[in-house]
> 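Submitted below is the structure of interest, expressed as C-alpha cells.
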Amino acid sequence: MKRELIQNVKAIPYTSGEAIDRAGFLSAVCAVKAASDGAMKVAVTHADTADGTFEAVPDACLFVGGGAEAANLKAGDIANFDIDLVGCKQFVKLTVSGDAAGEGASCAVVLGDPAQAPV
C-alpha cells in the first residue's frame, strides 16, 4: 500500500492562480493554511494550454464532499478541498479567495488518481 501511494500522487507547493499541468491525474486535493480568521473559497478554471484563456469549470460535481468553501476558519487552520478533475482540460488554475485567504495563506496541491497506475 505504501508504495502504491508514493507512486500514485504528485505533491507540489502552490501559489494561488498558477497553472498546473494535470496530465495523467484525475483528481486533486488543494490544502490551504488560513492566513487569518474567516472563510475561504476555491475557484477552478481550466484551459488546453498553460498560457491559454482559462474558463470556469462548469461541472456541478467538481468538489467532492465539503464543497468549494470553508467557513469559520481560524488563522493557521488547514482547509482541504477535494477536487474531481475528470471533466477538466489539461491545465487547471486553483484560485483561493476570502478573508482567511489573505496575505500569508500558503497552499499545496496533491494530484492523484493517475490515469495509468505503475506496474
Side-chain angles (χ1 to χ4, degrees):
M1 180 80 104
K2 182 177 179 184
R3 289 189 186 124
E4 289 179 21
L5 175 65
I6 292 169
Q7 295 175 347
N8 286 305
V9 299
K10 179 180 180 180
I12 53 176
Y14 186 67
T15 300
S16 178
E18 287 184 349
I20 300 170
D21 183 353
R22 68 162 202 93
F25 293 97
L26 304 176
S27 66
V29 174
C30 178
V32 185
K33 184 176 182 179
S36 57
D37 296 354
M40 74 172 68
K41 185 174 184 175
V42 173
V44 181
T45 55
H46 63 163
D48 291 319
T49 62
D51 58 354
T53 302
F54 282 77
E55 303 170 340
V57 178
D59 188 350
C61 298
L62 182 64
F63 289 92
V64 179
E69 190 168 346
N72 301 318
L73 297 170
K74 301 292 182 204
D77 285 353
I78 306 285
N80 287 331
F81 299 92
D82 301 331
I83 306 168
D84 183 355
L85 300 174
V86 171
C88 294
K89 297 177 181 178
Q90 181 176 346
F91 292 89
V92 295
K93 287 184 180 182
L94 311 176
T95 305
V96 181
S97 62
D99 293 337
E103 190 71 31
S106 55
C107 305
V109 172
V110 177
L111 297 172
D113 294 326
Q116 295 182 353
V119 178

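These numbers come from the heavy atoms of this one structure, side chains and all, not from hydrogens, waters or symmetry mates.
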> Just do the side chain to side chain donor-acceptor pair (under 3.5 Å) check on Asp21 and Gln90 with the steps written out, would you?
CA-CA 6 Å; Asp21 183 353; Gln90 181 176 346; 2.9 Å; yes
> Considering only heavy atoms from C-beta outward, does the side chain of Ile83 approach that of Cys30 to under 4.5 Å?
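In short, these two side chains touch, coming nearer than 4.5 Å.
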> Of Val29, Val32, Leu94, which is the lone residue that meets side chain to side chain contact (heavy atoms under 4.5 Å, CB included) with Val109?
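Between Val109 and the candidates, side chain to side chain contact (heavy atoms under 4.5 Å, CB included) is satisfied uniquely by Leu94.
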> I need the minimum non-hydrogen distance between Ala79 and Met40, along with the two atoms involved.
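Closest pair (atom of Ala79, atom of Met40, distance): CB-SD, 4.3 Å.
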> Return yes when atom NZ of Lys10 has more than 12 non-hydrogen atoms of other residues, nucleotides or ligands closer than 6.0 Å, and no otherwise.
no
> With heavy-atom distances below 4.5 Å as the criterion, would you say the side chains of Asp37 and Asp99 are in contact?
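Counting from C-beta outward, Asp37 and Asp99 never come under 4.5 Å.
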> Which heavy atom of Ala75 sits nearest to which heavy atom of Ala35, and what is that distance?
CB-O, 3.8 Å
> Supply the atom-to-atom distance Asp77 CG to Asn72 CG, rounded to the nearest 0.5 angstrom.
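Taking CG in Asp77 and CG in Asn72, the distance rounds to 10.0 Å.
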> Out of curiosity, does Val42 fall in the hydrophobic cluster containing Leu85 (side-chain heavy atoms, cut-off under 4.5 Å, transitive links)?
yes
> Side chain of Arg22, backbone of Lys89: donor and acceptor closer than 3.5 Å?
yes
> Do you know the tightest heavy-atom contact between Ala39 and Glu69?
CB-OE2, 3.9 Å
> State, to 0.1 Å, how close Ala47 and Gly52 come at their nearest heavy-atom pair, and which atoms those are.
CB-C, 4.3 Å
> Would you say Phe63 and Asp82 make side-chain contact, with heavy atoms under 4.5 Å?
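No. Closest side-chain heavy atoms not under 4.5 Å.
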> Could you check whether any side-chain heavy atom of Val57 comes within less than 4.5 Å of a side-chain heavy atom of Val92, counting everything from C-beta outward?
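In short, these two side chains do not touch, never coming nearer than 4.5 Å.
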> Return the SG to CD distance between Cys88 and Glu55, rounded to the nearest 0.5 Å.
11.5 Å
> Ignoring hydrogens, what is the shortest heavy-atom contact between Leu73 and Ala100? Give both atom names and the distance.
CD1-CB, 4.1 Å
> Tell me the closest heavy-atom pair linking Val96 and Ala101, and the distance in Å.
CG1-CB, 3.2 Å
> If you measure from CZ on Phe54 to OG1 on Thr49, what distance do you get to the nearest 0.5 Å?
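OG1 of Thr49 is found 6.5 Å from CZ of Phe54.
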> Taking atom CZ of Phe91 and atom OG1 of Thr45, what is their separation to the nearest 0.5 Å?
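Rounded to the nearest 0.5 Å, the CZ-OG1 separation comes out at 12.5 Å.
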> Please determine whether residues Phe81 and Ile12 belong to a single hydrophobic cluster, defined as Ile, Leu, Val, Met, Phe, Trp and Tyr linked transitively by side-chain heavy-atom distances below 4.5 Å.
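Yes, because Phe81 and Ile12 connect within a single hydrophobic cluster, where side-chain heavy atoms sit under 4.5 Å apart.
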